[in-house]
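To start, the structure under review is shown below, and the notes come after it.
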Amino acid sequence: MNLEILLNNFINPTILFFFLGLFAVWVRSDLAIPSQVSKFLSYYLLFCIGLKGGAELSHSGLNAHIFIVLAIAVVMALLVPLYSFFILRRRFNLFDSAAIAATYGSVSAVTFITAINFLQENEAPFGGYMVAAMALMEAPAIIVGLVLADMYRQKEAQPPKGEEPGASSIRMVVREAMANGSVVLIMGSFVIGIVSSDSSVATLAPFTQDIFKGMLAFFLLDMGLLAGRRLSALRQASGFALRFSVLVPMANASIAIGLAYLLQVDKGDALLLTVLCASASYIAVPAAMRISLPKANAGLYVPMSLAITFPFNIVLGIPLYYYILNQILS
Amino acid sequence: MNLEILLNNFINPTILFFFLGLFAVWVRSDLAIPSQVSKFLSYYLLFCIGLKGGAELSHSGLNAHIFIVLAIAVVMALLVPLYSFFILRRRFNLFDSAAIAATYGSVSAVTFITAINFLQENEAPFGGYMVAAMALMEAPAIIVGLVLADMYRQKEAQPPKGEEPGASSIRMVVREAMANGSVVLIMGSFVIGIVSSDSSVATLAPFTQDIFKGMLAFFLLDMGLLAGRRLSALRQASGFALRFSVLVPMANASIAIGLAYLLQVDKGDALLLTVLCASASYIAVPAAMRISLPKANAGLYVPMSLAITFPFNIVLGIPLYYYILNQILS
Amino acid sequence: MNLEILLNNFINPTILFFFLGLFAVWVRSDLAIPSQVSKFLSYYLLFCIGLKGGAELSHSGLNAHIFIVLAIAVVMALLVPLYSFFILRRRFNLFDSAAIAATYGSVSAVTFITAINFLQENEAPFGGYMVAAMALMEAPAIIVGLVLADMYRQKEAQPPKGEEPGASSIRMVVREAMANGSVVLIMGSFVIGIVSSDSSVATLAPFTQDIFKGMLAFFLLDMGLLAGRRLSALRQASGFALRFSVLVPMANASIAIGLAYLLQVDKGDALLLTVLCASASYIAVPAAMRISLPKANAGLYVPMSLAITFPFNIVLGIPLYYYILNQILS
Amino acid sequence: MQAYKKLEIIIPKLESRLLVKLLQNNGIKGYSYWGGVRGSGDRGLQDGEGLSDTFVNACFVIACSEEDFNRIKEKLRAFLSEAGGVCMVSDVNWLIH
Amino acid sequence: MQAYKKLEIIIPKLESRLLVKLLQNNGIKGYSYWGGVRGSGDRGLQDGEGLSDTFVNACFVIACSEEDFNRIKEKLRAFLSEAGGVCMVSDVNWLIH
Amino acid sequence: MQAYKKLEIIIPKLESRLLVKLLQNNGIKGYSYWGGVRGSGDRGLQDGEGLSDTFVNACFVIACSEEDFNRIKEKLRAFLSEAGGVCMVSDVNWLIH
Ligand SMILES: Nc1ncnc2c1ncn2[C@@H]1O[C@H](COP(=O)(O)O)[C@@H](O)[C@H]1O
Ligand SMILES: Nc1ncnc2c1ncn2[C@@H]1O[C@H](COP(=O)(O)O)[C@@H](O)[C@H]1O
Ligand SMILES: Nc1ncnc2c1ncn2[C@@H]1O[C@H](COP(=O)(O)O)[C@@H](O)[C@H]1O
Ligand code: NA
Ligand code: NA
Ligand code: NA
């Protein structure tokens, strides 16, 4: 077990397809995965991961350990946006700070799935319940972000948006975040994986497992294209924003690794937990922020999480975190 | 063989994904399978079922039994809309009655495919020619519905629609119903399945069979979403409409079961025939009615078939009909 | 080895699905593969073929033979549009001649992929590097076509299109042709196939190989639909255009077969080379011509290549070329 | 620039083929349209959902001369009263090239 | 034909649901809209890319009476100033059927 | 409300990138457009079919000041005469927010 895993990760075809996407943007190719196909691929991945997680949990059963990890997950999802917000306030306006904080406090499902793929390639086991951890971490950061924005906002009379005054109220946004398509799909598949018989889950395996890796590679090509297209927006971004996009995830990962060490979380689960903390949302949270904090600059928080933090995590972060966890966990 | 099959059907992952779709609508999730992907999935299913049916028929060959079943199918497709129309006329206006009658006289390909999946899980054989039965049942009900509407319509001078007076003439609508995408695809695949060599059909199996179940599960998720979204339209519907949506399919199923018993149709084929009679169209027929009977309320006949009859059949109907057929057929 | 392969090719399900597409258009069915799905399928095929080609090349390694074939490919890609242009000029205006010449000088990826499928079914080996040959042949014909159009164009002051005078300059068009999505995807996958380990390419096989044939069949259905829809445009086309669409590809094929014989190219590679020369572009080149030669009639060059040359090649051409190559190559 | 009538027509998508025919049969050579239009009107909500095009509209934009418009006016009216939908008419200038 | 106001509104797609609600709550029964609209304005480029609808707009077309328009005018203004986007108002004739 | 010119432009989709550039280079900051537009005109039928964008159009909507319009008018004309398509110009009121 050494740093070779980093290199192996790098020349992994799934990761290489991500770079192909970046490359295509760089040479200004018209290569573009149609948006509906993109969405299908992302739903497919959630469908498979949820089902698999549920099926695995129904084998392993529940234990105290699981609840500890889930608790860490939620606590981190509340803590990260909080301290991120105060770091961000030193340079950004209120709205941007709140939106970026929510973005980094929440999670990236694709990074999570890439980490699962990484574990499978390294034949390291992990608990199916981590899928629940991911789902649990999606919404809290949005709440924290919006509450912070609300608290610090000048108490000016706000222009009513739409008819209902509470149209974009925190309660509504939170409800929407929890009913977010990705969350419902992965948690639904998770529950279906738990209640379905082993044999019936097995009959789905050619769809959910055999072609999974190929679909992921194809999807990462798309992610590379999307990330590449957002890169140019960063030219106007401050050095502060760029540093934030790498350093804060690393700090979050460090805290997660520390907690995993203290509480002796299993290696595979520890990696996934770390990746969840280190990752930033670029699908669900931006969509929520666009509505609830329309004054925040989507041209800033999306590129930060999608074009910097995401590649950083899947290329360097995952193998790095895994290397460290291997050193410190038995 | 007992009522356990009903419960087994219920906790089958494919059916559970249908409920996940309903659930997602209920919690007002933004989960939505993109429409083009939806269409692709439905075409995929028809492609596979047609090919499989054709390949099986080329093994079993033709016999008198087959023609009996096909004849029952066509007779039922003409009879059902006829008596449905007169039941409906007691409460609905002419246009709605004709459209609903056509809807229930025709068939639902997805229900049919779900029934095939059910048979495969219960390791019950069925004849490939049933695919042809399905295709044969698609159009007749449309003709009957339009002829009825025409006969009872006040002979008022109708405003010409488009240039050609016969633009939406019955002949044209019928031609269109028979050239309907689903019919052409399933019948085309069926014929290709017949003429192709076994070995070449076998090389397609990873696509047409191995991942089939997963694609079906994914598609039923979509059907759940679509059905869920139409449910709300039923709040204004009369109790009569709701009762019709369950009782008429059951009556149709009973007649089909009776005929299957009389003519000693094989168990698997009998189930599929029953399901075809009990199912109602919510794709092809509504599209045809929207053009040929624009005054009929699509907000009524689509929800009836999609949000009531379809779930009723796939959740309760299929195992129930199968249970009964098992009792009465040797 | 005899003409039976032609018949076998004809009743191959993948080819039959192409005819099903034609048939659907003929009966005016509304069967239509959604455009985004269409694009996904074409990208999927390129993804798989590229990866497979790369993986195979990394086994076989480079040798002089390879460079000879690649050189033939490029020479043919420059030569074909040149002589085509002068043939075309006898009947067509400058713009149409240049656009058709570019179309026939370039290649059709789908024809190429169908030929690979044909080889696999006949268990004939071929070199992975042929993927590179295909990619190399995409752009040169566009350059030749545009240079010819430019040379023969009256030196009239052209109205500036957009701001930049060179907006649609040859340089820009060429850059775009080389950064064309298909080229970037297949070459990128090719390179990834070369650098990835065998084991990691193998884990993608259920996606890239097992379901490949089914996806191809489904895609050819779509191609049949597209070709069928363009057929009607040919009613106005001259007999000259129709003859050109069959005879020039056959002439190109003959030259390629001759060169393959002279230079003793391996049978499989020779077939692919022949098919590349005989095929005409109907995706990349038309898109390029639409921008750079907007005065050329897309309603002419697209139907010629898509509705005549493409079917001719996949139905008759491929088995015919293969039959001949089998006779003359050891 | 030249004065023209602009028609904007929103109808059930399934009727588009017939409207195209109506235009072609009446010598209207220039028109544009797109699908995927949701909306609400007399016939209730069209939410764009479903596997068929039962609940989705199409939008047509047609620039034509006043005579062209007068020629098809009544036919359009008849078409719309059967098929549903709206037709908005306004004046535009066509930037002739 | 009858004189109407035509509103053309382009807003971030994620706001469409709220705008539909605003229309419905204010008695506007007829409207049409579609997504997939790219563009540029005060809030930068909307390139339509991405897995969410963060960078894409929707276009609404509403034919309504002058009173209808006057009734929702200020509410629309408030909505737009919060959500972003544009509203263009012009006169049209409705081809009544 | 403020008086503006509204341009509605329909061109081959493959030309959109160039038109966007033309607008940007001429200081037009606000515009919207979408693809998937079928139609018919001088260059025949655009049926939206095919794997490339060869037979599909895009529709642009631009609200701009009269000066803006006058500035780009001739450039637009030249663009359209090369690329094909139509440009319709009308007057609108912009509901300023
Ligand atoms: N006043 C209106 N403004 C804009 N679009 C309308 C209006 N009325 C109807 N529509 C559109 O036309 C479609 C059909 O109208 P209807 O036949 O009245 O249901 C609706 O679904 C809307 O998309
Ligand atoms: N002058 C304009 N003409 C046409 N569309 C515009 C104009 N200004 C803004 N838009 C559209 O409205 C969207 C939101 O505008 P904004 O809030 O100004 O960024 C833009 O992305 C454009 O699609
Ligand atoms: N009179 C018109 N009204 C509306 N759209 C038009 C008109 N003329 C042309 N178009 C659109 O502009 C596209 C290109 O026009 P053209 O260059 O004339 O073929 C056509 O495919 C139509 O979508
Ligand atoms: Na995080
Ligand atoms: Na039925
Ligand atoms: Na060629």
Side-chain angles (χ1 to χ4, degrees), chain B residues 33-48 50-52 54-55 58 138 172-173 175-212 214-215 283-284 287-288 291, chain C residues 4-5 7-42 44-45 48 117-123 204-222 224-225 228:
Chain B
I33 311 300
S35 62
Q36 300 200 357
V37 172
S38 227
K39 201 153 200 176
F40 167 59
L41 294 173
S42 77
Y43 282 163
Y44 165 84
L45 297 174
L46 297 168
F47 178 100
C48 298
L51 207 58
K52 193 180 156 67
S58 80
E138 189 108 36
M172 191 183 117
V173 169
R175 214 189 51 73
E176 271 185 13
M178 294 202 311
N180 172 271
S182 306
V183 174
V184 169
L185 180 51
I186 200 168
M187 280 313 289
S189 306
F190 181 69
V191 170
I192 292 174
I194 293 176
V195 302
S196 297
S197 70
D198 288 5
S199 68
S200 63
V201 170
T203 61
L204 295 173
F207 180 71
T208 57
Q209 293 189 26
D210 298 353
I211 64 170
F212 181 83
M215 296 283 266
I283 303 177
I291 297 185
Chain C
E4 198 183 314
I5 40 175
L7 189 72
N8 274 342
N9 185 52
F10 195 84
I11 63 159
N12 184 308
T14 44
I15 302 298
L16 288 173
F17 274 106
F18 179 80
F19 283 103
L20 178 55
L22 289 180
F23 173 79
V25 175
W26 185 58
V27 299
R28 281 191 252 161
S29 169
D30 63 351
L31 184 62
I33 311 298
S35 62
Q36 299 202 357
V37 171
S38 228
K39 199 152 203 180
F40 168 59
L41 293 173
S42 77
Y44 164 84
L45 297 174
C48 298
N117 193 46
F118 175 88
L119 285 176
Q120 286 174 335
E121 282 181 6
N122 288 278
E123 277 155 33
L204 295 174
F207 180 72
T208 57
Q209 294 191 23
D210 298 353
I211 64 170
F212 181 84
K213 228 183 152 66
M215 296 283 267
L216 177 60
F218 200 93
F219 185 65
L220 282 181
L221 168 66
D222 188 26
L225 291 165

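Throughout, protein chains are lettered first and strands after them, A, B, ... in sequence-line order, and every chain is numbered starting at 1.
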Flag the one option from C:Ala32, C:Ser29, C:Ser35 with the top tally of heavy-atom pairs under 4.5 Å to chain B.
C:Ser29
Does any backbone or side-chain atom of C:Phe212 lie under 4.5 Å from a heavy atom of chain B? Answer side chain, backbone, both or neither.
neither
Less than 4.5 Å apart, side chain to side chain, heavy atoms only: is that true for B:Ser200 and C:Asn12?
no
Please work out whether the ring planes of C:Phe207 and C:Tyr44 are parallel, tilted or perpendicular, with thresholds of 30° and 60°.
perpendicular
So which of B:Ser189, B:Ala287, B:Ser197 has the largest heavy-atom pair count under 4.5 angstrom toward chain C?
B:Ser189
Just how far is it from atom CG of C:Leu16 to atom CG of B:Leu51, taken to the nearest 0.5 Å?
10.0 Å
Chain C contacts, top residue of B:Val201, B:Leu204, B:Ile192, B:Asn180 (heavy-atom pairs, under 4.5 Å):
B:Ile192
Given a strict heavy-atom distance threshold of 4.5 Å, which part of B:Thr203 is in contact with chain C: side chain, backbone, both, or neither?
both
Highest number of heavy-atom pairs under 4.5 Å with chain B among C:Gly21, C:Ala24, C:Pro34 belongs to C:Pro34
Against chain B, label C:Leu216 side chain, backbone, both or neither, depending on which of its atoms sit under 4.5 Å from a heavy atom there.
neither
Answer whether the closest heavy-atom distance between the side chains of B:Val184 and C:Leu20 falls below 4.5 Å.
yes
CG (C:Leu225) and CZ (C:Phe23) are apart, to the nearest 0.5 Å, by 12.0 Å
Of the listed C:Leu31, C:Leu221, C:Ile33, C:Asp210, the one with the largest count of heavy-atom pairs under 4.5 Å with chain B is C:Leu31
Looking only at the aromatic ring of each residue, does the gap between the centers of C:Phe218 and B:Tyr43 stay below 6.0 angstrom?
no
